[in-house]
Amino acid sequence: MADNKPIQPPTGTRDLYPIEAARRRFITEAWRRASINHGFEEVDGPTFESTELYTKKSGDGIVSEIFGVFSGKDEQGVKALGEKLARGEDAPAPYALRPEFTPTLARMYAARAASLPKPTKWFTAGPFFRAERPQRGRLREFLQWNCDVIGLALPEKPTPEDIARATAQADAEVIACCVGLLEQCGLKSENVKVRISDRNLIASMLQAQSVSADKLTPALMLLDRRKKSDPVEFAATFAERVGDIAHFDQYCKTCEKLIAGGLSELGSGGSDQPDVRFNFKPLHRLWNELKSLGIADWCVVDLSIARGLAYYTGMVFEVIVDGERAVAGGGRYDNLIVLFGGPSTPAVGFGMGDVVLSLVLQDKGLMPEGAELMQIAGQSPDVFVISNGTPEADAALPSVLADLRRGSREQRGRDSLHARRTSKTTKNVGKILQEAEKSGAHFAAIVESASEVTLKNLRTREQDPSKTPIASLKSEVLKRLGRG
RNA sequence: GCGAUCGUAGCUCAGUUGGUUAGAGCACCGGGUUGUGAUCCCGGGGGUCACGGGUUCAAGUCCCGCCGAUCGCCCCA
């Protein structure tokens, strides 16, 4: 009756053993720290949502990469869907495992918009799902970190100038948070580039070449694929669907140069350059914000970035680390909140996945290992309790352990220590010390009798010359850990 | 959905034109005669060689199928 065939994890998912789980913890802790330190508050939503939430804004293209979810109680619904599918009709599942966070965020904000501060700064980190073919840096289940700034800090009767300034500040703020994370992980501006672009600017440049409004979206999608394509072939495709690309390139180059150079005559609205007659002021303003935040050397203006997503309305950016695929991406989406029933509210944000980030950190040797990793992940023991092998010490050990682990409500558990013992049967103290050190434990406590232990600091390998009474062991360890 | 490469121990891999009972290192477990850690010595558990067929006296090895993984394409929220 028992069928013991092993069941493998589903395609594109991971089993995380202690080392991998600690690595993931390292990343999520870094995300939390970066976003909290940049003033974002944590939120979260359901991991599955009504499928409509995603079809509403993005059309059917996305639906094919969504994992459908059925309630299991809804037998009739499932049956009806099965019949539809059998007839070859389109039949999306009623729920979808969330493929991204932005729609959830937009809904959450819209529902309470009136009572939320402007701007509202939220972050979240959790699992997301896409039914794609797994490949390097890409799985079907992954963690994603999102940071968003919704709404703008504005005076009561804002001028266009006020709005432009607040917009640039919000854009810079999310980019700064993203860069803050990368820097904190040990990455350098030499290896990382935040490529920043502006869809409005691109659109105006395309329109200057007589590209009609209805062709803008396909043109933007096409531009995004450019780097991967053969240049000649791309130019041909682009000419066929949109128009001649030669002028467009020229516009881009001139704009990038001028923005990064910060030429002053641009601010006055005039230019001797006949090709520069577009509204690059928003990007220029953003560039100045980035400079004042001290992160401009991480950034580069690159108007070949468009981002495939339909809902972006202005600034877009992506983060490239050396040759790897994008480690993060985001942009401004000013129309999304209203689409979910909220007041018209501008917003900007980005997402970063754990998969590419861990690849990058491991390739560059920036991912901690062994005891250091366990320590960072908060899993290395405070005290490793060892019996000296006498029956008296053996008998005393369990209660020593239990006392170290006990935490009080008054201290909110801060006085509870991570205490371990060996599960080996050997009485060889040297071997157990070896195990203790490997575990990353800070201290070893060798039980000498029913009343005394010898304390040893495993990090410095210094052992106390005198014994410590068991009654004061815990307070002594807390003191030495700086938690007393 | 399409293409390419690859599946031998927990991990990294060896395994001869097909030939006895499939190996090593690391890891894990135990011991090295009553207590201080690298190293070292001895011992141990672990494999239906991914799975299923076929060819053959004989298959880890050759053939077919299948599952899985990796890397690309498509797509990228």
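Naming convention: chains lettered A, B, ... in sequence-line order (proteins, then strands); numbering from 1 in each chain. Excluded from the calculations below are hydrogen atoms, water molecules and symmetry mates; all remaining heavy atoms, backbone and side chain alike, are included.
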**Prompt:** If you measure from the Lys or Arg side-chain nitrogens to the Asp or Glu carboxylate oxygens, is any gap between A/R480 and A/E476 under 4.0 Å?
**Reply:** yes

**Asked** When you check the gap from the basic side-chain N to the acidic O, do A/E20 and A/R14 get nearer than 4.0 Å?
**Response** no

**Request:** Give the nucleotide from the list B/C75, B/C74, B/U36 with an atom nearest to the side chain of A/E132.
**Result:** B/C75

**Item:** Trace of the side-chain contact (heavy atoms from CB on, under 4.5 Å) decision for A/N146 with A/F128
**Value:** CA-CA 11 Å; A/N146 283 258; A/F128 292 86; 4.3 Å; yes

**Complete:** For B/C62, the nucleotide meeting Watson-Crick or G-U wobble distances (both under 3.5 Å) is B/G54

**Message:** In whole Å, I'd like the distance from the CD1 atom of A/I19 to the C1' atom of B/C26.
**Reply:** 14 Å

**Item:** Mate of B/A27 where both pairing distances stay under 3.5 Å, Watson-Crick or G-U
**Value:** none

**Asked** Among B/G35, B/U70, B/G72, which nucleotide sits nearest the side chain of A/P134?
**Response** B/U70

**Request:** Take A/G12 and A/G389, find for each the nucleotide of RNA chain B with the closest heavy atom, and name the residue whose nucleotide sits nearer the 5' end.
**Result:** A/G389

**Prompt:** With a 3.5 Å cut-off and no angle check, do the side chains of A/D302 and A/S304 form a donor-acceptor pair?
**Reply:** yes

**Request:** Tell me the partner of B/G18, counting only Watson-Crick (N1-N3 plus N6-O4 or O6-N4) or G-U wobble (N1-O2 and O6-N3) with both under 3.5 Å; none if nothing fits.
**Result:** none

**Complete:** Closest of B/G32, B/C76, B/C28 to the A/K431 side chain is B/G32

**Prompt:** Taking the side chain of A/Q135 as heavy atoms from C-beta outward, which of B/C74, B/A77, B/U36 is closest to it?
**Reply:** B/C74

**Request:** Using whole Å, report how far CD of A/Q434 lies from C1' of B/C40.
**Result:** 12 Å

**Prompt:** When you check the phosphate oxygens OP1 and OP2 of B/U34, does a side-chain N or O of A/T390 lie under 4.0 Å from one of them?
**Reply:** no

**Prompt:** Over how many whole Å does the gap from A/R199 atom CZ to B/A77 atom P extend?
**Reply:** 9 Å

**Prompt:** Quick one: do A/D44 and A/R98 make a salt bridge, cutoff under 4.0 Å?
**Reply:** yes

**Request:** Can you tell me the distance, in whole Å, between the CZ atom of A/R136 and the C1' atom of B/C75?
**Result:** 19 Å

**Message:** Can you identify which nucleotide, out of B/G68, B/G37, B/G35, has its nearest atom closest to the A/T11 side chain?
**Reply:** B/G68

**Complete:** Among the nucleotides B/G37, B/G72, B/C76, whichever has the atom closest to the side chain of A/R130 is B/C76

**Message:** Just the rounded figure in Å: distance from P of B/G35 to CD of A/Q463.
**Reply:** 14 Å

**Complete:** As its Watson-Crick or G-U partner within any shown strand, both distances under 3.5 Å, B/U39 has none

**Request:** For nucleotides B/U16 and B/A22, find the distance between their P atoms and express it as a whole number of Å.
**Result:** 15 Å

**Message:** B/C28, OP1 or OP2 - any side-chain N/O from A/K438 closer than 4.0 Å?
**Reply:** yes

**Item:** Pair assignment for B/C67, Watson-Crick or G-U wobble, requiring both distances under 3.5 Å
**Value:** B/G7

**Asked** What nucleotide, of B/G35, B/G37, B/A77, holds the atom closest to the side chain of A/N388?
**Response** B/G35

**Complete:** Taking B/C76, B/G3, B/C29 as options, the one with an atom nearest any side-chain atom of A/R133 is B/G3

**Charged N-O contact under 4.0 Å between A/K364 and A/D322** = yes

**Prompt:** Going by atom types alone, do A/S387 and A/D394 pair a side-chain donor with an acceptor below 3.5 Å?
**Reply:** yes

**Prompt:** Looking across every strand, which nucleic acid part, if any, lies under 4.0 Å from A/I432 by heavy atom: base, sugar-phosphate, or nothing?
**Reply:** nothing

**Fill in**
A/I446 CD1 to B/U36 P, in whole Å, measures 10 Å

**Message:** If I pick the C1' atom on B/C51 and the same atom on B/C66, what distance separates them, to the nearest angstrom?
**Reply:** 7 Å

**Asked** In the strands shown, is B/G45 matched to any nucleotide by a Watson-Crick or G-U wobble pair with both distances under 3.5 Å, and which?
**Response** none

**Asked** Of the nucleotides B/C76, B/G35, B/C28, which has the atom closest to the A/R138 side chain?
**Response** B/C76

**Asked** Looking at the side chain of A/E65, which of B/G37, B/G68, B/C75 is the nearest nucleotide?
**Response** B/C75

**Asked** What interatomic distance, in whole Å, is found between P of B/U33 and the corresponding atom of B/A38?
**Response** 15 Å

**Prompt:** Which base sits across from B/G1 as a Watson-Crick or G-U pair, both distances under 3.5 Å?
**Reply:** B/C73

**salt_bridge(A/D171, A/R332) N-O dist < 4.0 Å** = yes

**Prompt:** Using the P atom in both, what is the distance from B/G44 to B/U55, to the nearest Å?
**Reply:** 41 Å

**Prompt:** Has the side chain of A/K424 got a donor or acceptor that lies under 3.5 Å from a partner of the other kind on the base of B/G31?
**Reply:** no

**Request:** Figure out the CZ/P separation between A/R325 and B/C73, and round it to whole Å.
**Result:** 7 Å

**Request:** Write down the distance separating the P atoms in B/U34 and B/C29, rounded off to the nearest Å.
**Result:** 23 Å

**Prompt:** Considering heavy-atom distances to RNA chain B, does A/T13 or A/L433 have its closest nucleotide positioned more toward the 5' end?
**Reply:** A/L433

**Request:** May I have the distance from A/L139 (atom CG) to B/C76 (atom P), rounded to whole angstrom?
**Result:** 19 Å

**Message:** Please give the distance between the C1' atoms of B/A58 and B/U21 as a whole number of Å.
**Reply:** 15 Å

**Request:** Taking atom C1' in both B/C26 and B/C64, compute the distance separating them and give it to the nearest angstrom.
**Result:** 37 Å

**Integer angstrom distance from the P of B/U70 to that of B/A24** = 30 Å

